[in-house]
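Chain identifiers are assigned alphabetically (A, B, ...) following the order of the sequence lines, protein sequences preceding nucleic acid strands; residue numbering begins at 1 within each chain.
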Protein chains: 2
Amino acid sequence: MTRSEENYLKTIFHLGGGNAQSITTNAIAEQMETKPSSVTDMAKKLADKGLVNYVKYQGVSLTDSGIKTALSIIRKHRLWEVFLVKKLDFTWDEVHEVAEQLEHIKSEKLIDKIDELLEFPKYDPHGDPIPTKDGKFMERDEQLLSEMPVNTQGVCVGVKDSSAPFLKFLDKNNIALGHTIKVLEKEDFDQSLHIELQGKELRISHQIAANLYVKKND
Amino acid sequence: MTRSEENYLKTIFHLGGGNAQSITTNAIAEQMETKPSSVTDMAKKLADKGLVNYVKYQGVSLTDSGIKTALSIIRKHRLWEVFLVKKLDFTWDEVHEVAEQLEHIKSEKLIDKIDELLEFPKYDPHGDPIPTKDGKFMERDEQLLSEMPVNTQGVCVGVKDSSAPFLKFLDKNNIALGHTIKVLEKEDFDQSLHIELQGKELRISHQIAANLYVKKND
DNA sequence: ACCTATTTTTAGTTTTGTCTAAATTTATAT
DNA sequence: ATATAAATTTAGACAAAACTAAAAATAGGT
């Protein structure tokens with residue numbers, strides 16, 4: 001399994017190829033910042049290895065074996081992210097780039113020991129669930145803040161966009177995982193929100209709200 | 001700097017290319033388990049980048065820039081080895097293979113934080129000195145056990161061969177870094193040694209003694 | 001149904017790092 | 001000094017992973 005193959009599987013998974021959905025070469029190319037023709041080449045290669053189902057002009061979806069491999073890479077990525085934050089004091093906007101490299105290290109013992117050192121975390125620093133060793137994938141009962149009705153409240157449990165600029169914005173505005181958020185008012189005009197965050201009032205744009213996952217309180 | 005380039009620089013350094021010595025392509029090829037013609041290709045490439053001095057049919061030596069780069073890779077390799085042993089309970093015969101991968105991770109912050117987490121170790125699990133961030137290389141006052149005169153004693157500070165079989169042999173015989181060793185008798189016939197190790201007597205072959213570094217007591 | 005625009009694939013090329021086989025240079029031994 | 005052996009380089013080829021440009025297939029609109 002080469003680094004490139006691993007990156008393709010991961011991307012296909014993130015685009016939904018684990019749910020039997022057919023992902024187009026164009027979508028993959030755009031996500032990976034490469035050309036569709038390169039994706040076609042790799043699709044054939046991965047199909048030969050039994051990791052994807054590939055139908056010409058239709059797209060690719062992951063096989064069971066492909067899902068398993070993708071999950072193991074995602075598991076490694078997220079565990080390394082937790083390691084960087086908890087053990088090396090990285091901030092959550094710094095971890096992605098390094099984890100992209102670390103996820104390709106080949107040693108089952110290494111990642112199991114990292115898991116143990118971190119006391120088997122369930123979520124990464126962005127709130128994304130960490131697949132278990134046997135490929136189980138936690139699903140969370142969450143929704144986007146932008147979809148919460150007025151006057152409901154919940155706890156921030158994850159981010160949809162985990163780019164550095166967005167994460168830095170959240171830091172600046174004291175928005176962090178675990179913080180309580182209540183929707184006070186929704187502006188019809190631009191969908192912006194008036195919220196109560198940890199007791200303080202705040203206004204945020206729709207674009208922000210559409211990238212925050214919240215778990216509704218019972 | 002590609003992975004392959006880094007591996008060449010590291011190998012050239014270990015073969016003595018940092019001391020202005022010219023290392024032959026054959027020696028490098030043998031060490032890296034590749035072909036001399038491949039080494040020639042890479043020698044040209046590294047020379048173009050100003051990392052080695054290459055003279056056709058003579059061999060290569062590292063430039064200052066090449067030495068600096070090689071030391072930074074060796075630094076990373078050895079720090080990761082310490083990390084694996086101290087934080088993840090790897091044994092000293094398990095660390096090399098994984099460190100070979102980890103040494104190529106590109107993040108200055110990462111390795112500095114690992115260094116800090118480990119409290120700035122000076123030696124790796126095999127007793128090899130860890131270069132400092134600014135490329136200083138500790139030299140130890142050490143000699144091979146096989147070269148110690150009869151009736152002198154010292155402390156085991158390193159291994160020359162750090163292959164898994166040798167290290168496992170040492171474990172089995174309770175030979176570890178920090179242990180006191182006294183040479184009781186040298187057998188003329190096969191150069192084998194009769195030693196006192198941590199108070200207990202033991203016989204070891206010349207081959208073993210020639211792979212153990214000892215620091216003589218004053 | 002047909003034309004057009006878009007998407008996808010094919011064919012051919014590039015780069016990196018490797019190899020084999022042949023040619024060349026250096027070293028060695030009489 | 002010269003033949004021979006050993007080491008080294010050159011030339012040409014290959015595989016992986018990417019690209020460009022051209023061809024082919026699909027999808028949409030009328």
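- Residue contacts for B:Ser38: at a heavy-atom cut-off of 4.0 Å it reaches a base atom on one of the strands shown.
- Nearest approach of A:Val82 to A:Asp124, heavy atoms of both residues: CG2-CA, 3.7 Å.
- The separation between A:Asn7 atom CG and D:dA18 atom C1' is 14 Å, rounded to whole Å.
- Of the options A:Ile73, A:Leu79, A:Leu71, a side chain to side chain contact (heavy atoms under 4.5 Å, CB included) to A:Arg75 is made by A:Leu79 and by none of the others.
- When the side-chain nitrogen and oxygen atoms of A:Tyr8 are compared with OP1 and OP2 of D:dA18, one or more of them lie within a distance under 4.0 Å.
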(message) I need a per-nucleotide contact map over nucleotides 5-10 of chain D, read 5' to 3'. Cutoff is protein heavy atoms under 4.0 Å; write B for the base, S for backbone only, - otherwise.
(response) --SBBB

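- Ring geometry for A:Phe137 versus A:Phe13: interplanar angle over 60°, hence perpendicular rather than tilted (30 to 60°).
- Ring pair A:Phe83/B:Phe83: centre-to-centre distance below 6.0 Å.
- When the P atom of C:dT18 is taken as reference, atom CZ of B:Arg3 falls 12 Å away, rounded to whole Å.
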(request) I would like to know whether B:Asp161 and B:Ser163 meet side-chain hydrogen bond (donor to acceptor under 3.5 Å, both in side chains); could you show each step before the answer? (result) CA-CA 6 Å; B:Asp161 174 4; B:Ser163 70; 3.0 Å; yes

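- Rounded to a whole Å, the NZ atom of B:Lys49 is 12 Å from the C1' atom of C:dT15.
- If you measure from atom CE of A:Met42 to atom C1' of D:dA16, you get 8 Å, rounded to the nearest angstrom.
- Taking atom CD on B:Glu5 and atom P on C:dT18, their separation rounds to 10 Å, with Å as the unit.
- Among A:His77, A:Glu100, A:Glu81, the one residue that satisfies the side chain to side chain contact (heavy atoms under 4.5 Å, CB included) test with A:Val95 is A:Glu81.
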